[in-house]
Amino acid sequence: MSGRTDDIVRPKGARQAVLRVLLFVILGLFAAYYLLPLFVMVSTSLKTLEEIRTGTLVSLPGTVTFEPWAKAWSAACVGVKCEGLKPYFWNSVLIAVPGVAISTFLGALAGYALTKWRFRGADVIFGLMLFGAFIPFQVILLPMARTLGLLGLAGTIPGLILVHVVYGLAFTTLFFRNFAVGVSDSIVQAAKIDGAGFFSIFFRILVPMAVPTFGVTVIWQFTQIWNDFLFGVAFTSSDSNPVTVALNNVVATSTGVKEYNVDMAAAILAGLPTLLVYVIAGRYFVRGLAAGAVKG
Amino acid sequence: MPGVSLRNIWKRFGTTEVLKGISLDLEEGEFVVLVGPSGCGKSTLLNIVAGLETLSEGDVLIGDRVVNDVPPKDRNIAMVFQSYSLYPTKTVRKNITFGMEIRRVEKAHQDAALRSVSELLHIDPYLERKPGQLSGGQRQRVAMARALVRDPDVFLFDEPLSNLDAKLRIEMRTEIKKLHKRLEKSIIYVTHDQIEAMTLASRIAVMDAGHIRQFAPPEEIYESPADLFVASFIGSPPMNIVRGRVEQDDGIRITVENDGGPAIRFPVPEKFAAGASAYLGKDVDLGLRPETVTAEGGQTGSDLFAFDRPIELVEPTGPDTMLVFGLGGQEVIARVRPEDARPAGQQFRFVANMAKAKLFDPETGRRI
Ligand SMILES: Nc1ncnc2c1ncn2[C@@H]1O[C@H](COP(=O)(O)OP(=O)(O)OP(=O)(O)O)[C@@H](O)[C@H]1O
Ligand SMILES: [Mg+2]
């Protein structure tokens with residue numbers, strides 16, 4: 001993204017040069033600080049156990065081995081079962097994909113209805129939903145467990161999806177409401193005069209305009225749901241555990257020697273999808289956050 | 001092509017009354033322009049006709065059908081918004097055909113309609129562009145095309161030219177006028193620009209604070225304004241209004257006192273005498289349009305009255321020069337030919353055409 005600010009004339013001179021160098025040194029340090037753990041994780045995951053024992057933490061692997069990755073994926077012991085992270089990884093996919101899709105869709109619809117089809121009490125409803133965004137996770141654990149029990153969804157993947165959708169709705173509605181507030185009412189009025197109704201305005205006018213907001217919301221929701229540990233532990237049983245819970249079990253397994261390389265590989269595997277989502281939808285994330293700041 | 005009737009329309013937002021009993025009748029094919037200061041309720045009225053706003057009281061008729069409870073899409077109207085309100089993610093083509101797609105108009109018919117409006121408004125070259133890639137004038141045309149393609153009974157325009165530069169405004173104004181001649185559809189047109197109002201309208205409705213002050217053809221609005229508000233709202237520069245006392249002398253005169261100078265006693269022509277005599281000994285507001293106050297020889301007529309005042313300010317505009325002088329504690333503008341103008345500070349002989357003067361009751365603002 002090159003901008004009009006790139007070419008603004010800047011002061012020159014020795015003092016400026018020194019400040020500039022200093023700036024980059026500081027930035028470099030910050031970057032290193034953030035990247036070091038990742039580096040240690042990746043390099044450790046590629047080392048043999050032998051090398052980990054004898055080498056240092058920050059050294060590069062002498063002989064690269066993908067053995068730990070294969071083991072983490074399909075053979076590591078999670079509790080008593082030794083099938084690797086694979087089944088739990090798919091659990092997480094089965095939870096995150098519908099969870100993100102449903103909560104994003106409902107949030108988009110709610111944000112649109114709350115701003116463009118205003119009704120009595122719309123502000124109160126929005127206020128309550130906003131309040132939902134501030135409820136701590138821990139507070140809803142017991143009521144939610146009871147609700148899931150009543151619905152017969154306790155310990156199942158659909159149950160966890162429901163929890164994430166309900167909890168996520170506050171955030172997704174907020175995102176889309178803020179987007180929709182910025183859309184000129186007269187665009188909706190024009191569409192009404194053109195003969196469009198509630199859903200055709202939503203799908204044919206608003207949704208195409210909301211692509212950046214969808215980007216932000218999907219990243220946010222995906223990260224939340226994929227990385228969730230507490231709800232996963234609380235509301236699923238061992239077979240339906242998401243990958244985060246399984247990862248904890250892999251790392252915490254106390255039998256035999258501690259396989260740091262397998263742990264590291266497992267941790268990276270578990271985190272990979274969120275990284276992927278950022279890479280794919282990241283530019284929308286930035287654009288969406290800045291949207292509305294300037295017109296046109 | 002039915003007309004539009006508004007019968008005693010009231011609109012309240014909570015406790016604020018925005019429209020206070022508006023009644024208007026548009027004949028078929030009429031071009032009515034709504035003017036009025038910002039916030040007087042013009043857009044609200046237009047939205048009520050469009051069905052985008054509910055009314056608190058009264059009836060809206062399109063043709064002879066009461067449409068109070070008819071949703072916008074079934075009113076057979078088309079609207080051009082102040083901000084154009086094009087669909088930003090759709091191409092110009094899709095913007096124009098969206099309404100027809102929603103109404104499931106046959107593809108062949110859609111294409112034909114699109115072709116004819118895009119030729120009419122010269123938007124062929126950018127049918128595949130998005131609104132963001134168009135200039136203001138081009139967007140304005142697209143907004144117009146989107147309305148035209150519907151072939152509605154009534155067009156509603158809410159300040160459609162307000163975002164354009166002066167030259168483009170004049171161009172588009174002419175085009176709208178031509179368009180109206182061709183289509184002969186009823187149009188309600190909101191504007192702030194009085195030149196636009198004067199040139200386009202078959203009748204102008206002057207609004208103020210939720211009331212209609214006057215509803216008449218442009219010439220009549222200009223020549224016989226119903227009250228002080230209309231008189232000072234229409235016309236640029238605005239009508240000069242000075243306070244004076246009605247006195248009987250060798251005929252009825254209006255005496256305007258001046259600081260540092262003799263009082264000026266404007267003679268009231270025969271035709272206003274009867275009305276003015278009712279105000280003998282009382283104050284009235286005397287309205288003189290700038291073009292009826294000139295230099296000697298600047299105009300002809302039987303009721304010319306000459307007086308002397310010092311020039312305070314000289315404002316050349318090109319074809320005419322405005323001379324500003326004080327009269328009765330007010331600033332008054334005279335419109336003189338550039339060769340008649342003199343520098344500021346000089347005493348100057350002005351001539352007022354009293355036949356074109358207007359008298360107003362200072363309390364009610366009504367014309368006498
Ligand atoms: N939803 C609303 N709630 C409360 N007051 C409103 C609402 N909409 C408009 N108003 C008020 O109604 C009045 C008329 O508004 P309107 O938009 O019709 O003015 P307008 O004549 O079109 O002005 P402009 O020339 O600036 O466009 C304004 O004083 C405005 O504050
Ligand atoms: Mg308006």
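What you see is a predicted model, and the numbers here were worked out from it, not measured in a lab. Residue numbers begin at 1 in each chain, while the letters A, B, ... track the order of the sequences.
Of the two parts of B:L86, only the backbone, made up of N, CA, C and O, holds a non-hydrogen atom closer than 4.5 Å to a non-hydrogen atom of chain A.
The nearest pair of heavy atoms linking A:I193 to B:M79 is CD1-CB, 3.5 Å. Residues A:A190 and B:S85 come closest through the heavy atom pair CB-O, 4.0 Å. Closest non-hydrogen pair, A:K192 versus B:P72, comes out as O-CB, 4.3 Å.
Counting non-hydrogen atoms of neighbouring residues, nucleotides and ligands closer than 6.0 angstrom, the CZ atom of B:R7 reaches no more than 12 such neighbours. Atom CZ of A:F119 is surrounded by more than 12 heavy atoms from other residues, nucleotides or ligands within 6.0 Å. For CD of B:E128, the number of neighbouring non-hydrogen atoms (other residues, nucleotides, ligands) closer than 6.0 Å is greater than 12. Heavy-atom neighbours of A:K86 NZ from other residues, nucleotides or ligands within 6.0 Å: at or below the threshold of 12. Crowding of A:W117 atom CH2: a count of heavy atoms from other residues, nucleotides or ligands under 6.0 Å exceeding 12. Taking a 6.0 Å sphere around OH of A:Y34, one finds it holds 12 or fewer heavy atoms contributed by other residues, nucleotides or ligands.
Atoms CE and OG1, on A:M209 and B:T89 in that order, are 6.5 Å from each other to the nearest 0.5 Å. In this structure, the separation between CD on B:E101 and OG on A:S200 is 11.0 Å, given to the nearest 0.5 Å.
Between A:D194 and B:M100, the closest side-chain pair of non-hydrogen atoms is not below 4.5 Å. Within the 4.5 Å cutoff, the side chain of B:F81 has no heavy atoms near those of the A:I187 side chain.
Checking side-chain atoms of B:K90 against main-chain N and O of A:R204 turns up a donor-acceptor pair under 3.5 Å.
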